[in-house]
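For reference, the structure is listed below as structure tokens.
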Number of protein chains: 2
Amino acid sequence: MTAPEVKRGRPPTFDRATALEAATRLFWEHGYEATSVGELTRAMGIRPGSLYSAFGDKKSLFKEVVQAYGRSPVGAFVGAALAEEPTARGAFRRLLREAAAAYPDPSHPAGCLTISAATNVTVQDAEVAAFLRDLRNANLAAFEARLLTAQQQGELPPTANPRALAAYFAAVIQGMSQRARDGATPAELTRTAELALAAWPQGQG
Amino acid sequence: MTAPEVKRGRPPTFDRATALEAATRLFWEHGYEATSVGELTRAMGIRPGSLYSAFGDKKSLFKEVVQAYGRSPVGAFVGAALAEEPTARGAFRRLLREAAAAYPDPSHPAGCLTISAATNVTVQDAEVAAFLRDLRNANLAAFEARLLTAQQQGELPPTANPRALAAYFAAVIQGMSQRARDGATPAELTRTAELALAAWPQGQG
DNA sequence: CTGATTCTAGAGCGATCGTTCAAGAACGTG
DNA sequence: CACGTTCTTGAACGATCGCTCTAGAATCAG
């Protein structure tokens with residue numbers, strides 16, 4: 001896509017992806033506004049000038065963090081489950097079980113960055129909160145689309161309500177993220193996932 | 001308890017409860033750190049000196065707001081349902097339905113203050129986040145206690161898992177709060193509540 | 001080497017943060 | 001009236017916020 005472009009001038013002394021990972025952990029743990037640029041530069045090992053020339057401002061750095069998070073394993077498992085599982089029920093079962101394992105994983109901050117990183121924002125950062133809210137509501141729409149397809153293919157009975165089921169599973173996922181941040185264990189969240197599946201129409205399985 | 005105490009000196013020009021309500025709305029909407037003292041004084045109609053002499057500092061004002069919220073109708077319905085309903089199933093059904101109606105009520109900020117007001121905090125305000133987290137986990141413990149009683153009284157079968165059920169309903173409630181802040185309607189949340197009840201053991205009702 | 005270019009280092013910008021303080025106003029008491 | 005007390009007012013404190021700027025270091029082209 002992009003031309004190779006001859007390299008000129010002083011080369012960067014830091015790895016962009018590594019720095020982005022450090023920023024991700026901070027935003028994931030404390031959220032957008034509660035993470036200061038000073039904390040970011042310290043964790044990323046760079047000075048403010050380098051941060052602003054490499055990533056723009058704090059807001060665009062955050063958006064780049066969110067995009068990278070969405071492509072990482074822990075951020076992409078929702079889309080993977082919906083796309084790869086042959087049945088809708090299998091997709092949501094896998095999705096819930098993987099959330100139960102990933103959200104409390106101690107190798108990274110608890111819960112889901114998209115769900116919890118911009119809950120408390122000032123009015124001048126309302127755009128950041130809206131950015132994440134739109135991502136969450138897009139996930140809700142993907143849930144509904146998958147369930148609608150399942151109904152059209154006969155996996156779900158005509159009496160089922162795809163939109164209601166999608167909203168229910170979205171609420172469960174978001175609640176599991178919150179519970180993980182409150183200290184829930186993988187065992188607890190796995191049991192929550194199994195109980196949540198009891199809402200599946202017809203009581204199959 | 002307290003002596004009548006003769007009133008001396010200049011009387012306050014503002015109503016304490018009214019000012020507390022104004023502060024509650026701000027903290028509820030934006031959270032603890034994203035609400036500045038300047039916004040608080042403007043909304044409460046008082047100057048910084050009055051705020052600090054009447055409520056201590058920002059942190060103690062927030063705690064007083066949380067306590068008042070817990071005694072208000074929208075903050076106390078959980079405890080009321082658990083205490084007043086004769087059966088555990090009736091208690092959780094009422095609790096979920098009332099949450100579905102209260103969380104998206106446009107007469108106040110969406111969702112639950114205890115759940116969402118201190119999600120994103122800096123390290124120096126970790127105490128505030130812990131304060132709300134303890135309240136949430138106390139609610140979880142109350143869920144479990146009510147379900148354990150139900151099991152001992154035969155309402156729940158011996159095969160049921162009170163702790164797992166409590167964690168599940170806690171996750172659903174917290175997810176419903178998040179969904180309400182993301183724009184969910186009372187109708188959506190009511191359907192979520194009904195679906196959530198499908199996890200009740202034995203498939204009763 | 002010189003020159004152009006790109007990055008780093010670190011001081012410092014204006015704005016806002018939570019909080020405090022001094023001066024004065026409004027009350028009950030003597 | 002004066003006095004003691006309590007509250008209000010508005011300025012201002014030091015700290016931190018996101019961000020910018022300048023000087024210099026490191027590279028490539030010629």
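First the proteins, then the strands, lettered A, B, ... as listed; each starts at 1. Note that this is a predicted model, so its numbers are computed, not measured.
The separation between B/M44 atom CE and D/dT9 atom P is 13 Å, rounded to whole Å. Atom NE2 in A/H30 sits about 16 Å away from atom C1' in D/dT16, given to the nearest Å. Residue B/D57 contributes atom CG, which lies 14 Å from atom C1' of C/dC17 at whole-angstrom precision. Rounded to an integer number of Å, the gap from NZ of A/K58 to C1' of D/dT20 is 17 Å. As a whole-Å value, the separation of A/Y32 OH from D/dC17 C1' is 12 Å. Between the NZ atom of B/K59 and the P atom of C/dC17 there is a distance of 17 Å, rounded to whole Å. Here the C1' atom of nucleotide D/dC17 and the CZ atom of A/F62 are 18 Å apart, to the nearest Å. B/L40 places its CG atom 17 Å from the P atom of C/dT16, with the value rounded to the nearest Å.
Residue B/R181 holds its CZ atom at 10.0 Å from CH2 of B/W28, rounded to the nearest 0.5 Å.
For the pair A/K7 and D/dC28, the criterion of a side-chain N or O lying under 4.0 Å from OP1 or OP2 is not met. Applying the 4.0 Å criterion to OP1 and OP2 of D/dC7, one finds that B/T13 has every side-chain N and O outside that range. Dashed line: the shortest gap from a side-chain N or O of B/S50 to OP1 or OP2 of D/dC7 is not under 4.0 Å. Between B/R47 and D/dT9 there is a side-chain polar atom (N or O) within less than 4.0 angstrom of OP1 or OP2.
A/P48 comes within 4.0 angstrom of a nucleotide base, judged by non-hydrogen atoms across all strands. Nucleic acid contact class of A/T35 (heavy atoms, under 4.0 Å, all strands): sugar-phosphate only.
Projected onto DNA chain D by closest heavy-atom contact, B/L51 and B/T122 fall at different nucleotides, the more 5' of which corresponds to B/L51. Comparing A/G49 and B/I46 by the nucleotide of DNA chain D whose heavy atom lies nearest to each, the residue mapping closer to the 5' end is B/I46. Residue order along DNA chain C, read from the 5' end via each residue's closest nucleotide, puts B/E33 first among B/E33 and B/R8.
Relative to the side chain of A/Y52, the nucleotides D/dT20, D/dT9, C/dC7 differ in distance, and D/dT20 lies closest. Across C/dA26, C/dC7, C/dG18, the shortest atom-to-atom separation from the side chain of B/S36 is found for C/dG18.
Proximity of A/R146 to A/T149: side-chain heavy atoms (C-beta onward) are separated by under 4.5 Å at one or more points. For the pair A/C112 and A/Y69, the minimum side-chain heavy-atom distance is below 4.5 Å.
The residue from B/T24, B/V37, B/L20 that alone fulfils the side-chain contact (heavy atoms from CB on, under 4.5 Å) condition with B/L61 is B/L20.
B/K58 places a side-chain N or O within 3.5 Å of a backbone atom of B/T35 that can act as its donor or acceptor partner.
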